[in-house]
There are 2 protein chains.
Amino acid sequence: MISAMILDGTYAEGDQLPSVRVFASEHGANPLTVAKAYQSLQDKGYVAVKRGIGMFVASGAVEQLRIDERAQFLTQSWPRIREHIARLGIEPAELLDPIDA
Amino acid sequence: MISAMILDGTYAEGDQLPSVRVFASEHGANPLTVAKAYQSLQDKGYVAVKRGIGMFVASGAVEQLRIDERAQFLTQSWPRIREHIARLGIEPAELLDPIDA
DNA sequence: ATCACTGTCATAGGGGCATAATACACATTG
DNA sequence: CAATGTGTATTATGCCCCTATGACAGTGAT
């Protein structure tokens, strides 16, 4: 969810992310869970921490995040989704407009 | 996985499914786990049990399964996948050929 | 210095799911 | 009848993730 927000520009490069407690409170989650998510993003270099201050979106994070998630999606997720679509006999035309629901 | 096998024709309508123990052994799973999966398919009417004999693919199961999973996919899965694709800036053309990996 | 804020760590508890090991009732076969 | 194979039920265990609660060190404002 946080990755999506960075990609969408909700949190731009250089912006400070909400504190783990604030973000947890806003989304009904546990601060520790948010902290783990932040830690994961930090490990991948998408955000950086200023000790005692907060987490900030790293410069170049959007582009790198898009590159990484594209590769992840195209190699991991999409092949299985494609198989599933084929198995159900769904035509590409049905996927273009959200009104098929 | 079992649903996919029924849709693919691995197990045709009227066919007997492998016993929970055999299927579990072949796939490195626990018989109870397979039994739960069979139970789920039974609840939805895709398979029927002959007491003391085994589980059999119900007549009309393929068509019903395709209808149900289509609805499930188009209303639940696809909208989120579509959002994800848009967020990553992936063009539909990149999704047609599996050689983008 | 004091306070409020930050990320981080430690401990404990709970829910979901798969596993593990039996046991039971039913059906077919020899 | 006895043996084998079927789905099903029971109980217990382990694993993983999230929650819950408290504490700590670093930073900035008052």
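Quick note: numbers below take in every heavy atom, side chains included, and nothing from hydrogens, waters or symmetry partners. Letters go in sequence order (proteins before strands), and every chain restarts at 1. Worth saying up front: this structure is predicted, and the values here are computed from it rather than measured.
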Q: In terms of the angle between their ring planes, are B/Phe73 and A/His84 parallel, tilted or perpendicular, with boundaries placed at 30° and 60°?
A: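 Because their plane-to-plane angle is over 60°, the rings of B/Phe73 and A/His84 count as perpendicular.
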
Q: Under 3.5 Å, is there a donor-acceptor pair between the side chain of A/Arg70 and the main chain of B/Gly89?
A: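 Checking the backbone N and O of B/Gly89 against the side chain of A/Arg70, a donor-acceptor pair under 3.5 Å is found.
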
Q: Mind calculating the distance between CD1 (A/Ile53) and P (C/dT6) to the nearest angstrom?
A: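 Taking atom P of C/dT6 as the reference, CD1 of A/Ile53 is at 11 Å.
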
Q: From the list D/dT8, C/dG7, C/dA27, which nucleotide is the closest neighbour of the side chain of A/Tyr38?
A: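 Nucleotide nearest to A/Tyr38's side chain: C/dG7.
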
Q: So which one's nearest nucleotide on DNA chain D is more toward 5', B/Arg51 or A/Lys36?
A: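 Looking at the nearest nucleotide for each, B/Arg51 comes out on the 5' side.
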
Q: Between B/Asp68 and B/Gln72, is any side-chain donor less than 3.5 angstrom from a side-chain acceptor?
A: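 No, no side-chain donor-acceptor pair sits under 3.5 Å.
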
Q: Looking at every strand, decide which applies to A/Gln16 at a 4.0 Å heavy-atom threshold: base, sugar-phosphate, or nothing.
A: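 Counting heavy atoms under 4.0 Å across all strands, no contact is made by A/Gln16.
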
Q: When clusters are formed by joining ILVMFWY residues with side-chain heavy atoms under 4.5 Å apart, either directly or through shared neighbours, do B/Ile81 and B/Leu95 land in the same one?
A: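 Yes, one cluster joins them.
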
Q: Measuring to OP1 and OP2 of D/dT8, would you say a side-chain N or O of B/Gln42 lies under 4.0 angstrom away?
A: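 So the side-chain polar atoms of B/Gln42 do come within 4.0 Å of the phosphate oxygens OP1 or OP2 of D/dT8, strictly under.
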
Q: Can you figure out which of D/dT8, C/dT8, D/dT19 approaches the side chain of A/Ala29 most closely?
A: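 Shortest atom-to-atom distance from the side chain points to D/dT19.
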
Q: Of the candidate nucleotides C/dT8, D/dT8, C/dT6, which contains the atom at the shortest distance from the side chain of B/Gln39?
A: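 The answer is D/dT8, which lies nearest to the side chain.
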
Q: I want to confirm an ordering. Mapping A/Gly52 and A/Arg21 to their closest nucleotides on DNA chain D, which one lands closer to the 5' end?
A: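 The answer here is A/Arg21.
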
Q: What about B/Asn30: does its side chain form a donor-acceptor pair under 3.5 Å with the base of C/dA18?
A: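 Flag unset: no donor-acceptor pair detected.
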
Q: Please report the distance, rounded to the nearest Å, between CZ in A/Phe23 and P in D/dC18.
A: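 Checked: the CZ to P distance equals 13 Å.
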
Q: Of the nucleotides D/dC18, D/dA20, C/dT6, which has the atom closest to the A/Thr33 side chain?
A: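 The nucleotide sitting nearest to the side chain is D/dC18.
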
Q: Between B/Asp43 (CG) and D/dG7 (P), how many Å, whole number?
A: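 Going from B/Asp43 (CG) to D/dG7 (P), I get 15 Å.
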
Q: Expressed in angstrom and rounded to an integer, what is the separation of B/Phe56 atom CZ from D/dT6 atom P?
A: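 Going from B/Phe56 (CZ) to D/dT6 (P), I get 11 Å.
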
Q: Are any of B/Ser19's side-chain N or O atoms less than 4.0 Å away from OP1 or OP2 of D/dT6?
A: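 Answer yes for this pair, as a side-chain N or O of B/Ser19 is under 4.0 Å from OP1 or OP2.
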
Q: Decide whether B/Leu74 and B/Ile85 are clustered together by the hydrophobic rule: side chain heavy atoms of Ile, Leu, Val, Met, Phe, Trp, Tyr closer than 4.5 Å, transitively.
A: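 Result: yes, single cluster for both.
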
Q: Considering only C/dT28, C/dA10, C/dT8, which nucleotide approaches the side chain of A/Leu32 most closely?
A: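 Comparing C/dT28, C/dA10, C/dT8 against the side chain of A/Leu32, the answer is C/dA10.
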
